[in-house]
Protein chains: 2
Amino acid sequence: MKESKRRRLEAQGWRFGSAKDFLGLTDEEAEYIELQLSLAALLRKRRESLGYTQTEVADLIGSSQSRVAKMEAGDPSVSVDLLIRTLLALGVNRKQVGRAIGAAASA
Amino acid sequence: MKESKRRRLEAQGWRFGSAKDFLGLTDEEAEYIELQLSLAALLRKRRESLGYTQTEVADLIGSSQSRVAKMEAGDPSVSVDLLIRTLLALGVNRKQVGRAIGAAASA
DNA sequence: CAAAGCTATGTCGAATATGACATAAAGGAA
DNA sequence: TTCCTTTATGTCATATTCGACATAGCTTTG
């Protein structure tokens with residue numbers, strides 16, 4: 001992982017420990033985080049293309065505006081589970097989710 | 001969702017409530033579960049192709065054999081997060097994870 | 001300017017996922 | 001058969017994630 005990228009991610013609230021604090025190595029941490037950021041970006045894109053506010057999405061999935069904001073921000077406190085469930089609730093299908101995961105994070 | 005599939009999934013421990021008990025509709029529940037089963041199948045395939053036991057994988061990621069067994073079984077108590085992290089720890093890359101998610105569950 | 005609407009961020013008790021452990025079950029070798 | 005290895009399943013205390021709430025920032029509209 002490049003130092004610049006590491007600093008960018010740490011600025012978002014992610015923390016990196018030594019290898020075994022997480023699961024596996026640093027490269028895997030990076031892959032996981034990028035994957036999450038990809039889904040976060042897709043969520044924002046999808047929500048905006050539907051013309052929804054974060055509050056509307058929150059109501060749709062039975063959550064709160066703040067959590068939707070955190071999902072889109074790639075906050076470490078949100079799980080990939082929740083991101084995927086939310087995307088599915090917005091009509092994104094499995095195949096599209098898969099494509100987003102395979103692609104690099106744009107942010 | 002077909003009745004036969006529903007019964008198969010319920011037999012694995014999944015429970016289905018009315019729509020709003022989950023996030024969204026029944027179709028989304030189904031998509032999510034299939035996605036999880038796809039990852040579970042990939043994990044088993046990957047582990048076996050590496051010639052690892054469940055215990056070895058557990059040690060590798062700092063978990064326990066029972067949890068690895070549950071991951072592979074598609075147990076509702078395991079999160080997609082953990083499945084993805086484990087796959088990444090076994091050297092599966094983001095792109096391959098994405099492909100598995102896009103594909104239908106074989107089980 | 002103020003007010004309203006949307007998004008960002010921090011905190012909290014409650015809900016859920018976690019590793020660990022025990023133990024059962026299934027398979028293979030002696 | 002017994003022994004050994006591997007996988008499956010159930011439970012539990014702890015750790016993490018959750019929705020909710022407060023509040024701040026940021027635009028836009030009047």
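In the text below, chain A, chain B and the rest are named by the order of the sequence lines, each starting its count at 1.
Dashed line: the shortest gap from a side-chain N or O of B:S63 to OP1 or OP2 of C:dG19 is under 4.0 Å. For the OP1/OP2 pair of C:dT18 and a distance below 4.0 Å, the side-chain nitrogens and oxygens of B:R85 include no atom meeting the criterion. In terms of phosphate contacts, B:T53 brings no side-chain nitrogen or oxygen within less than 4.0 Å of OP1 or OP2 of D:dT6. In this structure, A:R44 does not reach the C:dC6 phosphate: none of its side-chain N or O atoms is under 4.0 Å from OP1 or OP2.
With D:dC18, D:dA8, C:dT7 as the choices, the nucleotide that has an atom nearest any side-chain atom of A:L82 turns out to be D:dC18. The A:S79 side chain lies nearest to D:dC18 when the options are C:dT9, D:dC18, C:dA17. Between C:dT7, C:dG19, D:dT11, one nucleotide has an atom nearer to the side chain of A:Q54 than all others, and that is C:dT7. Of the candidate nucleotides D:dG19, D:dT9, C:dA8, C:dA8 has the atom lying nearest to any side-chain atom of A:E72.
In this entry the distance linking CG of B:D75 with C1' of C:dA17 reads 11 Å, nearest Å. Rounded to a whole Å, the CG atom of A:L83 is 13 Å from the C1' atom of D:dC18. Remark: P of C:dT7 and CD of A:E48 are 8 Å apart, rounded to the nearest angstrom. Here the C1' atom of nucleotide C:dG19 and the CG atom of B:D59 are 12 Å apart, to the nearest Å. Counting to the nearest Å, the C1' atom of D:dT6 and the CG atom of B:L50 are 17 Å from each other. Rounded to an integer number of Å, the gap from B:Q65 CD to C:dA24 P is 15 Å. In this structure, B:I84 atom CD1 and C:dT18 atom P are separated by 12 Å, rounded to whole Å. The CG atom of B:D81 sits 7 Å away from the P atom of D:dT17 (whole-angstrom rounding).
At distances below 3.5 Å, at least one donor-acceptor pair connects side-chain atoms of A:Q96 with backbone N or O atoms of A:N93. Of the possible polar contacts, none joining the A:Q65 side chain to the A:T53 backbone as a donor-acceptor pair under 3.5 Å is found. Under the 3.5 Å distance criterion, the side-chain polar atoms of A:S38 are matched with a main-chain donor or acceptor of A:A103. Between the side chain of B:Q36 and the backbone N or O of B:V78, at least one donor-acceptor pair lies under 3.5 Å.
A salt bridge does not link B:R47 to B:E56: none of the charged side-chain nitrogens sits closer than 4.0 Å to a carboxylate oxygen.
Both A:S64 and B:S66 sit near DNA chain D, but only B:S66 has its closest nucleotide nearer the 5' end. Of the two residues near DNA chain D, A:V80 and B:R67, the one whose nearest nucleotide lies more 5' is B:R67.
For A:K70 against D:dG19, no side-chain N or O and base N or O form a donor-acceptor pair under 3.5 Å.
At the heavy-atom level, A:V78 lies under 4.0 Å from the strands shown only through sugar-phosphate atoms.
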